[in-house]
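Written out below as C-alpha cells is the structure these notes cover.
In what follows, chains carry the letters A, B, and so on, assigned in the order in which the sequence lines appear, proteins first and then strands, with residues in each chain numbered from 1.
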Protein chains: 2
Amino acid sequence: MSIGPVGVTRRATISDVAREAGTGKTSVSRYLNGETNVLSSDLRARIEAAIKRLDYRPNQMARGLKRGRNRLVGLLVADITNPYTVGVLRGAEEACHVLGLMPLVCNAAGEVEMERRYLQLMTTYRVEGVIVNALGVKEETLRPVGEGGTPAVLVDRTIDGLLADMVGLDNGNAVALGMRHLLDEGFEDIRFVVQPYERISSRRLREAAFRSTLEQAQRERDPGAAPLRGETMVLDLSDDEAVAQAHEAVDRHLEAASKAGGRRVAYFAANGPVALSLALHLHARYGSRWQERVALLSIDDSEWAELIGVTAIRQPTFEIGYRAVEFLHERIEGAVVPAREAMLPGELVIRRSTVRQNEN
Amino acid sequence: MSIGPVGVTRRATISDVAREAGTGKTSVSRYLNGETNVLSSDLRARIEAAIKRLDYRPNQMARGLKRGRNRLVGLLVADITNPYTVGVLRGAEEACHVLGLMPLVCNAAGEVEMERRYLQLMTTYRVEGVIVNALGVKEETLRPVGEGGTPAVLVDRTIDGLLADMVGLDNGNAVALGMRHLLDEGFEDIRFVVQPYERISSRRLREAAFRSTLEQAQRERDPGAAPLRGETMVLDLSDDEAVAQAHEAVDRHLEAASKAGGRRVAYFAANGPVALSLALHLHARYGSRWQERVALLSIDDSEWAELIGVTAIRQPTFEIGYRAVEFLHERIEGAVVPAREAMLPGELVIRRSTVRQNEN
DNA sequence: TTGTAGGCGTTATCAT
DNA sequence: ATGATAACGCCTACAA
C-alpha cells in the first residue's frame with residue numbers, strides 16, 4: 001500500500017496540495033509548470049514535500065479544459081491486424097513520447113462505420129490532431145489544411161478532396177525496384193495482385209507503376225525476344241467468394257503457364273495481406289514445395305516472408321509513423337504551410353523465392 | 001467544407017447552442033443526457049436544430065471533470081509487436097465499444113520504464129480503470145482490489161502481491177493438450193523452450209505444467225519402454241548473445257539425437273515469439289525442409305504457423321481481451337467482489353509438423 | 001417545463 | 001515573491 005490516505009482514496013487536487021503546503025493554489029500551479037525561479041526555495045521545498053506526501057498528480061483533463069490543449073492526438077488505423085499498421089503505430093508512439101503527446105489509438109477493424117464513429121469520438125475528447133490511415137472516410141469528416149479545424153495527417157493514402165499532410169511509401173519507386181529485380185532474374189510472366197484499388201490511392205499508384213514499368217521494359221526489350229506477359233489481378237480479401245475465385249484463376253494461370261513451357265512466372269503482391277492470401281493458397285494447393293513452381297514477391301516484409309524465403313520490399317513503417325507525428329506536431333504548434341507529402345523509400349530484401357539457384 | 005462558421009473555427013460550446021436555440025444551458029444539457037421527456041417538443045426541436053447548425057459536440061473532458069468519470073480506460077500492453085497482444089487488443093476494443101468506453105492504448109514496447117511512465121500518464125488522464133499486460137510493474141504502482149484506487153484487470157500474468165482480477169489462458173490445460181498430442185504421436189524426446197520464467201506467472205505455470213505432465217506420462221509408461229526424455233530450455237529473446245547460444249544448444253541436441261538413433265524429437269515453444277525464433281534458426285540451419293528433422297509445437301497460433309504447417313495451441317485472444325474489459329467495467333460500475341480469475345481454454349490445431357505422414 | 005447559480009481542477013489575470 | 005479570483009465547458013441542485 002502506498003503512502004497517503006487510506007480507504008476510499010479521492011485523488012488529491014491542487015487545493016489539497018496548497019493547503020498541505022500552507023500556501024495558495026497559484027504557487028502550486030507555478031511549481032507544476034516549472035516557473036520555479038519565481039518561488040522562494042523554502043516554498044518550493046514545502047510544495048515538493050506536500051506533493052510527494054499526497055501522491056498528487058495534476059489532472060490533465062482540468063488542465064486541458066483551461067488551457068485548451070490536452071496533448072491528446074488520435075491515431076486512427078484501418079486494421080491493427082496488419083503488421084504494416086503495427087509498425088506505423090510503433091513509430092508514431094515513439095514520436096508522441098518524445099514530443100510529449102499522448103496517443104489515443106483507435107482501430108477501425110476494417111469497418112468504415114467504426115472509422116467514422118471513432119473520428120467523432122476523438123473530436124469529442126478534443127484531440128489536438130489526428131493521424132489517419134483511412135479506410136473510407138469522406139473529406140467532409142475531416143477539415144482541409146488551413147481551415148482551422150483539427151489538424152490531420154494522412155498515412156499511406158490520400159482522401160479525395162482533402163488537402164492534408166501525408167506520409168507513406170514511395171510507391172512508384174518501390175514497385176520499380178521489385179519489377180527490375182524480377183526482370184533481371186528472367187521472369188517473363190508477371191502477375192500483379194492487388195486489392196480493389198479504385199478508391200485507395202496507394203493501391204492505385206502501385207498498380208499504375210506496375211503497368212508503366214512493364215510497358216517500359218517491353219519497349220526496351222530485345223526485338224527478337226518473346227514479349228513479356230503481365231497482368232493485374234484484383235483480390236478482394238473482404239469477400240470470401242471472390243478470394244476463392246481469384247485463387248482458382250491463379251491455378252488456371254499456373255497450369256497454362258506450365259503447359260506452355262518453361263516461362264518463369266512470378267506473382268507480385270501489392271501488400272502483405274495479399275501476399276499472405278496467395279502464399280496460403282499456394283501452400284494448400286501445391287504443398288510445401290510450392291515455391292519451386294511460382295515465385296512470389298511482396299510489398300511489405302514480414303516474419304513469414306523471412307521464414308519461408310520470400311522476397312519482399314520492406315516499408316519503413318516505423319519511420320512513416322514517426323514522420324506523421326512530426327508533421328502533426330508542427331501543425332499543432334501552429335505551422336501554416338501548404339500540405340506536404342513525405343514519400344519514404346522501400347527496401348528490396350532479396351530471398352530465395354525469386355532467385356535461380358538450387359534448393360537449399 | 002462543412003456547415004458552420006468559417007475561418008478559425010472555435011468549437012461550439014453548450015452556451016453557444018443555448019444562445020442559438022434561445023434557451024438556457026440546462027435544457028441543452030438535459031437534451032444531451034437524454035432527459036428528453038422533460039422537454040417540450042418545441043424546445044427539443046430548437047435545440048436539435050441548433051446543435052446541427054453549429055456542429056456541436058459535447059466536450060468529454062469538461063463532462064468528465066464535472067461528473068468524475070470520463071469513460072477512458074487504459075490498455076497497457078507489453079509489446080504490440082506480438083500477435084497475442086493484437087488479438088487481446090481487438091477483443092478489448094470491441095468490448096469497450098459495446099460498453100461505451102474509450103480505450104487508451106499504450107505500448108510499453110518491452111521496456112519496463114515505459115510501462116511505469118505510461119501507467120503514470122494514464123492516471124494523469126484519470127482513466128477509470130486499466131487493463132495491464134504487465135512487463136515488470138511492481139505492486140506499489142497499482143492498487144489492490146478494493147483499495148479504492150483505479151480498478152485494474154491483469155491479462156495473461158499476475159503481479160506479485162497484487163490482488164486483482166485476471167484473465168488469461170488456462171496454462172495447465174493448454175500444455176497438457178500439447179503434451180498429450182506429442183506423446184500420442186510417439187515423440188520421446190521433448191524440449192520445452194521458454195523465456196526466462198521466474199518473474200512471469202504464465203511462463204512459470206507453463207513450465208511447471210510441462211514438467212508435471214512429463215513426469216506423469218513417465219509413470220504411466222510401459223515399464224519396458226525406453227524412458228522419456230524431456231528438458232526445459234530457457235531462451236532470452238532480449239539478449240542476442242543468449243539467443244545465439246541457445247540456438248547452438250539446439251543444434252547440438254539435434255546432432256546428438258540423430259546420432260543416437262531414431263528417437264523422434266520435438267520442440268515445444270512456450271509462446272509465439274519463442275516459436276518464431278526457433279523456426280527462423282532451424283530454417284537458416286537446416287534449410288526449408290527442416291521440419292523433416294524436428295517437430296515444432298507452439299503455444300500461440302499465427303499466420304506463419306499455418307503457412308508452414310506447424311502445430312499450435314490457439315489462445316482465445318479476442319475473448320481474453322473482451323472478458324478483461326467486462327471485468328473492468330463491473331469494477332468501474334462499483335462491483336465489490338473478491339478478485340476473480342478467468343482461465344480460458346486453448347485449442348489444439350494439429351498440422352503437418354507433428355504427425356507422421358508422407359511429405360505432401 | 002425551464003432557468004439560475006455554483007463547482008469540478010486547472011491556469012491566467014491582476015493585485016499585493 | 002505570493003495569493004485571491006475569474007474563467008474553461010459542463011452538470012446538477014435548487015428555484016421558479
Think [X] has a side-chain N or O under 4.0 angstrom from the OP1 or OP2 of [N]?
X: B:N33; N: D:dC11; value: yes
X: A:S40; N: D:dT2; value: yes
X: B:T26; N: D:dT12; value: no
X: A:Y31; N: D:dT2; value: no
X: A:T23; N: D:dT2; value: no
X: A:S15; N: C:dG9; value: no
X: B:Y125; N: C:dG9; value: no

Taking atom CG of A:D160 as the centre, does the number of heavy atoms from other residues, nucleotides or ligands within less than 6.0 Å exceed 12?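 At most 12 heavy atoms, drawn from other residues, nucleotides or ligands, come within 6.0 Å of this atom.
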
Nearest whole angstrom, please: distance from the [atom2] of [N] to the [atom1] of [X].
X: A:E35; N: C:dT10; atom1: CD; atom2: C1'; result: 13 Å
X: B:I51; N: D:dC10; atom1: CD1; atom2: P; result: 10 Å
X: B:R69; N: D:dC11; atom1: CZ; atom2: C1'; result: 14 Å
X: B:L32; N: D:dG9; atom1: CG; atom2: P; result: 15 Å
X: B:K66; N: D:dA7; atom1: NZ; atom2: C1'; result: 15 Å
X: B:I14; N: D:dC11; atom1: CD1; atom2: C1'; result: 8 Å
X: B:L39; N: C:dT2; atom1: CG; atom2: P; result: 6 Å
X: A:R71; N: C:dT10; atom1: CZ; atom2: P; result: 18 Å

Name of the residue among B:V153, B:V167, B:D165 meeting side-chain contact (heavy atoms from CB on, under 4.5 Å) with B:L328: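 Going through B:V153, B:V167, B:D165 one by one, the side-chain contact (heavy atoms from CB on, under 4.5 Å) with B:L328 is satisfied by B:V153 alone.
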
Just checking B:S27: base, sugar-phosphate only, or nothing, at a heavy-atom cut-off of under 4.0 Å?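 It contacts sugar-phosphate atoms only.
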
Answer yes or no: is there an ion pair linking B:E140 with B:R116, defined by an N-O contact shorter than 4.0 Å?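 Here B:E140 does not pair with B:R116 in a salt bridge, since their nearest N and O are not under 4.0 Å apart.
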
Take B:Y118 and B:N107 through the side-chain contact (heavy atoms from CB on, under 4.5 Å) test and state the conclusion after the steps. CA-CA 8 Å; B:Y118 267 133; B:N107 172 34; 5.6 Å; no

Enter the distance from B:L65:CG to B:Q60:CD here, rounded to the nearest 0.5 Å.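 The CG atom of B:L65 sits 12.0 Å away from the CD atom of B:Q60.
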
5'-most by nearest nucleotide on DNA chain D - B:R30 or B:A62: B:A62

Would you say the side chain of A:K25 and the base of C:dT10 hold a donor-acceptor pair, judged only by whether the two atoms sit under 3.5 Å apart?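 Yes, a donor-acceptor pair under 3.5 Å.
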
The side chain of B:R67 lies closest to which of these nucleotides: D:dT12, C:dG9, C:dT2?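 Nearest nucleotide to the side chain: D:dT12.
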
Choosing from C:dC8, D:dC10, C:dT2, which nucleotide comes nearest the side chain of B:T13?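 Selected nucleotide: D:dC10.
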
Let me spell it out: for each of B:L43 and A:R57, pick the nucleotide of DNA chain C with the closest heavy atom. Which residue's pick is nearer the 5' end?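 Comparing both residues, the 5'-ward one is B:L43.
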
Please evaluate residues B:C106 and A:M102 with respect to the criterion side-chain contact (heavy atoms from CB on, under 4.5 Å), reporting the C-alpha separation (whole Å), side-chain torsions for both, the decisive distance (0.1 Å), and the verdict. CA-CA 9 Å; B:C106 295; A:M102 180 71 168; 3.8 Å; yes

